[in-house]
Amino acid sequence: MTVRVRFAPSPTGYLHIGGARTALFNWLFARKHGGQFILRIEDTDQKRTVAGAIEAIMDGLRWLGLDWDEGPDVGGPVGPYVQTERAELYCEWANWLVEHGYAYKCFCTPEELDEMRKEQMAKKEMLGYNGRCRHLTPDQIAAKETAGLNSVIRFKMPRNGETTIQDAIRGPITYQNSQIIDAVLLKSDGLPTYHLANVVDDHFMQITHIMRADEWINTAPLHINLYHAFGWELPVYAHLSLVMNPSGKGKLSKRTQAFDDDGQQVLVKVEEFQEAGYLPQAVVNFLANVGYATGDDREKFDAHEAIDSFRLEKINPAPSRLPYSKLDWLNGQYIQEMEPQALARAVKPFLDAQGFEVNPEALLVVMPAMSKRLKRLPEAIDFLRFLFDDVPLNATAEMLTHKKMPYDAAKRGFQEARDFVATVEPFNLDTVSTGLMKIGESVTTNEKAGPFLGQMRFAITGQQVSPPLFESMVALGRARTLTRLDEVLQLF
RNA sequence: GCCCUCAUCGUCUAGGGGACUAGGACGUAAGCCUUUCAAGCUUAAAACCGGAGUUCGAAUCUCCGUGAGGGCACCA
């Protein structure tokens with residue numbers, strides 16, 4: 001039997017990082033076993049459905065590289081993959097349950113249910129539907145229907161006994177059936193609730209393993225009883241731990257507007273990670289490290305390695321926070337591995353957004369130096385600002401000297417550098433570095449280029465922090481370097 | 001209130017009766033290197049929630065606490 005798993009988000013907004021992790025684990029499992037990863041849209045709550053959300057979710061998955069074998073856009077043999085397009089199916093099976101005595105019509109109004117809940121709270125009883133309509137006679141039902149009363153279909157949960165779910169991560173979990181209420185399966189608008197839709201779909205879509213978040217554990221016994229009523233084969237359940245707020249208080253939600261200990265904004269939507277300049281492979285690696293470990297101390301691994309090592313039983317059941325600072329480190333690692341071309345391409349949109357007109361050629365020279373410095377792509381903006389903004393150097397001659405390079409020596413150094421830049425052929429990393437090293441060594445009292453190069457770097461870039469001198473000069477180009485050196489010389 | 005889950009350094013984790021003096025990673029601190037900032041290298045500090053029990057032996061198994069989280073909708 002081939003493994004078939006699904007990721008089944010509601011189209012209520014964007015792809016949430018926790019959802020992305022659930023999707024990733026499902027995808028990893030499917031790929032590991034040569035099975036299928038299916039994308040299904042659970043849009044049975046019309047009130048919460050947001051236009052464009054399906055596209056946004058798919059964009060997020062695509063960005064992360066989580067490709068699906070069947071889904072709303074690519075279709076597949078057991079479609080459609082959007083639940084509102086399968087409404088008839090659910091209706092049919094809900095009625096089947098009613099006909100076979102596994103479900104019943106309930107005419108209670110929302111107001112009545114509200115009242116019931118209040119009463120239960122007051123009496124400190126178990127919360128939930130009390131089964132009032134469970135034993136309506138056919139005559140009573142007919143009477144209510146001719147009176148035009150709205151109804152829903154509720155599951156007739158067994159009142160006695162217990163239900164045990166065999167969770168692949170947590171082992172057996174047992175519930176007393178009496179604890180489980182008669183859940184609504186079909187709403188009065190004719191659409192199914194999650195409970196009915198997910199069971200019917202997972203059956204007909206031949207889903208073999210259900211990997212979903214911890215928050216669904218409590219609904220599993222209901223679902224199992226539905227499978228029993230239908231006489232369908234049970235899938236394997238595996239409940240993933242929850243992703244919590246950085247504070248450790250509560251689950252991470254889309255509304256989280258917090259900063260972690262490093263003062264970094266907590267990102268929640270996948271697209272926010274993209275906008276913040278994280279690489280998809282870093283995010284995938286990061287996510288795969290939360291609640292999961294290869295077991296051999298590897299922290300950095302690509303998707304293929306993750307697939308190779310993946311085992312359901314290795315998933316950690318404990319809830320966890322996202323270690324954002326580790327993401328920064330991972331992202332830096334992946335950036336370091338990038339070819340200059342690729343890095344330049346990745347950085348360009350961020351510079352563009354800043355209004356910096358990028359000369360790709362010049363950018364290439366500084367990329368090797370940048371790759372060691374960037375944790376997140378947009379950090380390049382501050383590093384490279386001097387390439388785009390020609391602001392006058394805000395300094396005095398005094399500031400350009402050094403205890404190993406007093407006034408006169410500094411002046412001579414800058415003058416020689418100016419003459420050198422004006423004439424050297426060609427003007428490239430090689431020639432510039434050897435030439436300036438020589439000048440530097442000749443003007444310092446310790447005969448080391450260091451002090452000169454440091455001051456020179458500041459003079460050229462005007463920045464406290466910048467790429468190294470030689471790369472910066474070559475990126476600037478001969479003409480602009482000369483202009484800046486002339487400015488510097490005027491200070492002396 | 002009821003039900004369910006979970007519990008190892010600050011954080012993410014390894015470990016599943018003896019190999020534990022509890023390992024790795026991020027972060028933090030110090031040092032080296034150095035042309036600023038990084039990167040890199042080296043080193044350091046840092047944890048088995050508590051209590052009983054089982055056992056020759058418990059981070060590991062059991063129970064009871066405690067703490068944290070989740071659920072108890074005509075939302076998913």
Side-chain angles (χ1 to χ4, degrees), chain A residues 8-10 12 42-45 47-48 106 108-110 113-114 117 120-121 123-129 150-154 167 170 173-176 178-181 183-189 191-195 197-198 213-221 239 241-242 244 246 248-251 260-262 286 289-300 316-330 332 336 369-375 379 382-383 436-437 440 448-458 461 463-470 472:
Chain A
S10 296
T12 55
E42 309 216 330
D43 60 345
T44 55
D45 185 357
K47 293 184 289 293
R48 297 202 313 155
C106 167
C108 296
T109 63
L113 295 175
D114 230 39
R117 198 166 304 117
Q120 287 165 339
M121 287 213 280
K123 292 189 194 159
K124 305 205 168 183
E125 284 174 354
M126 192 182 112
L127 261 31
Y129 186 65
N150 266 335
S151 67
V152 302
I153 291 178
R154 282 184 187 274
D167 190 280
R170 292 155 210 274
I173 306 167
T174 299
Y175 289 80
Q176 295 305 311
S178 57
Q179 287 294 329
I180 299 158
I181 63 156
V184 171
L185 300 179
L186 202 67
K187 301 183 277 190
S188 56
D189 65 2
L191 286 171
T193 58
Y194 170 79
H195 308 299
N198 116 78
D214 178 79
E215 54 195 330
W216 296 109
I217 283 192
N218 294 310
T219 65
H239 289 94
S241 62
L242 239 33
M244 296 200 299
K249 296 279 177 205
K251 58 179 175 178
D260 67 10
D261 294 341
D262 304 331
F286 164 67
N289 264 324
V290 178
Y292 180 79
T294 56
D296 55 10
D297 287 346
R298 264 143 73 226
E299 306 278 338
K300 180 169 171 292
N316 185 165
S320 51
R321 319 170 195 201
L322 296 178
Y324 287 93
S325 65
K326 208 170 196 169
L327 172 60
D328 278 350
W329 170 73
L330 274 172
Q336 282 193 54
M370 291 311 295
S371 75
K372 290 191 195 66
R373 273 157 251 262
L374 298 181
K375 291 266 197 263
E379 288 166 0
D382 282 335
F383 268 106
L436 286 183
M437 282 299 284
K448 297 220 161 144
F452 171 71
L453 297 177
Q455 299 306 70
M456 180 82 174
R457 188 202 58 78
F458 175 65
T461 65
Q463 293 177 191
Q464 224 50 253
V465 173
S466 80
L469 174 63
F470 309 138
S472 296

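So that the names make sense, note that chain A is the first sequence line, chain B the second, and so on, each numbered from 1.
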- If we call it a pair only when both distances are under 3.5 Å in a Watson-Crick or G-U wobble match, what pairs with G40(B)? C32(B)
- How far, in whole Å, is C41(B) from U55(B) if one measures between their P atoms? 50 Å
- Starting from P on C72(B), measure out to CG on Leu127(A) and report it in whole angstrom. 10 Å
- Item | Identity of whatever pairs with G10(B) - Watson-Crick or G-U, under 3.5 angstrom | C26(B)
- Task: Can you tell me, in whole Å, how much space there is between the P of U21(B) and that of C48(B)?
- Result: 15 Å
- Comparing Thr219(A) and Arg117(A) on RNA chain B - which has the more 5′ nearest nucleotide: Arg117(A)
- Task: Compare all side-chain heavy atoms of Pro468(A) with those of Arg457(A) and state whether any distance is below 4.5 angstrom.
- Result: no
- Item | Between CG on residue Asn316(A) and CG on residue Asn289(A), distance to nearest 0.5 Å | 12.0 Å
- Over how many whole Å does the gap from Met244(A) atom CE to G71(B) atom P extend? 13 Å
- Are Phe452(A) and Leu469(A) side-chain neighbours, meaning at least one heavy-atom pair lies under 4.5 Å? no
- Task: Answer yes or no: side-chain N or O of Glu215(A) and base N or O of G71(B) forming a donor-acceptor pair under 3.5 Å.
- Result: no
- Task: Compare the minimum distances between each of U35(B), A14(B), U36(B) and the side chain of Ser466(A), then state the nucleotide with the smallest one.
- Result: U36(B)
- Note on the structure: Scanning all shown strands, the Watson-Crick or wobble mate of U54(B) with both distances under 3.5 Å is none
- Could you work out the separation of A45(B) and G10(B) based on their P atoms and round it to a whole Å? 14 Å
- Query: When the C1' atoms of A19(B) and C32(B) are considered, how many whole Å apart are they?
  - Reply: 35 Å
- Query: Does C49(B) have a Watson-Crick or wobble mate here (both distances under 3.5 Å), and if so which one?
  - Reply: G65(B)
- Could you measure between the two C1' atoms, the one in A68(B) and the one in G31(B), and give it in whole Å? 40 Å
- Among G71(B), C74(B), G69(B), the nucleotide that comes nearest once only the side chain of Ser188(A) is considered: C74(B)
- Query: So do the side chains of Leu327(A) and Leu322(A) get within less than 4.5 Å of each other, counting heavy atoms only?
  - Reply: no
- Message: What contact category does Cys108(A) fall into here, base, sugar-phosphate, or nothing, at under 4.0 angstrom with non-hydrogen atoms?
- Response: base
- Who pairs with G16(B) - Watson-Crick or G-U, where each distance is under 3.5 Å: none
- Task: Identify the nucleotide, in any strand shown, that forms a Watson-Crick or G-U wobble pair with G1(B), with both distances under 3.5 Å; if there is none, say none.
- Result: C72(B)
- Note on the structure: By the Watson-Crick or G-U definition, both distances under 3.5 Å, U60(B) is matched with none
- Item | Distance between P atoms of G50(B) and U28(B) (Å, rounded) | 29 Å
- Message: Is it the case that U36(B) (base atoms only) and Arg373(A) (side chain only) share a donor and an acceptor within less than 3.5 Å, ignoring hydrogens and angles?
- Response: yes
- Determine, stepwise, if the pair Tyr194(A) / Asp45(A) fulfils side chain to side chain donor-acceptor pair (under 3.5 Å). CA-CA 9 Å; Tyr194(A) 170 79; Asp45(A) 185 357; over 6 Å; no
- Message: Could you check whether Arg170(A) pairs with Asp214(A) (Lys NZ or Arg NE/NH1/NH2 to Asp/Glu carboxylate O, under 4.0 Å)?
- Response: yes
- Note on the structure: Taking for Ser241(A) and for Gly450(A) the nucleotide of RNA chain B with the nearest heavy atom, the one nearer the 5' end belongs to Ser241(A)
- Query: NZ of Lys326(A) versus C1' of G10(B): gap in Å, rounded?
  - Reply: 13 Å
- Message: What is the separation between atom NZ on Lys251(A) and atom P on G69(B), rounded to the nearest whole Å?
- Response: 13 Å
- Query: Mind checking the C1' distance from C49(B) to U60(B)? Whole angstroms is fine.
  - Reply: 16 Å
- Given atom NE2 of His195(A) and atom C1' of G71(B), what is their separation to the nearest angstrom? 11 Å
- For Phe286(A), report the nucleic acid contact type (base, sugar-phosphate, nothing); a contact means any heavy atom under 4.0 Å. nothing
- Separation between the C1' atoms of U8(B) and U13(B), rounded to whole Å: 9 Å
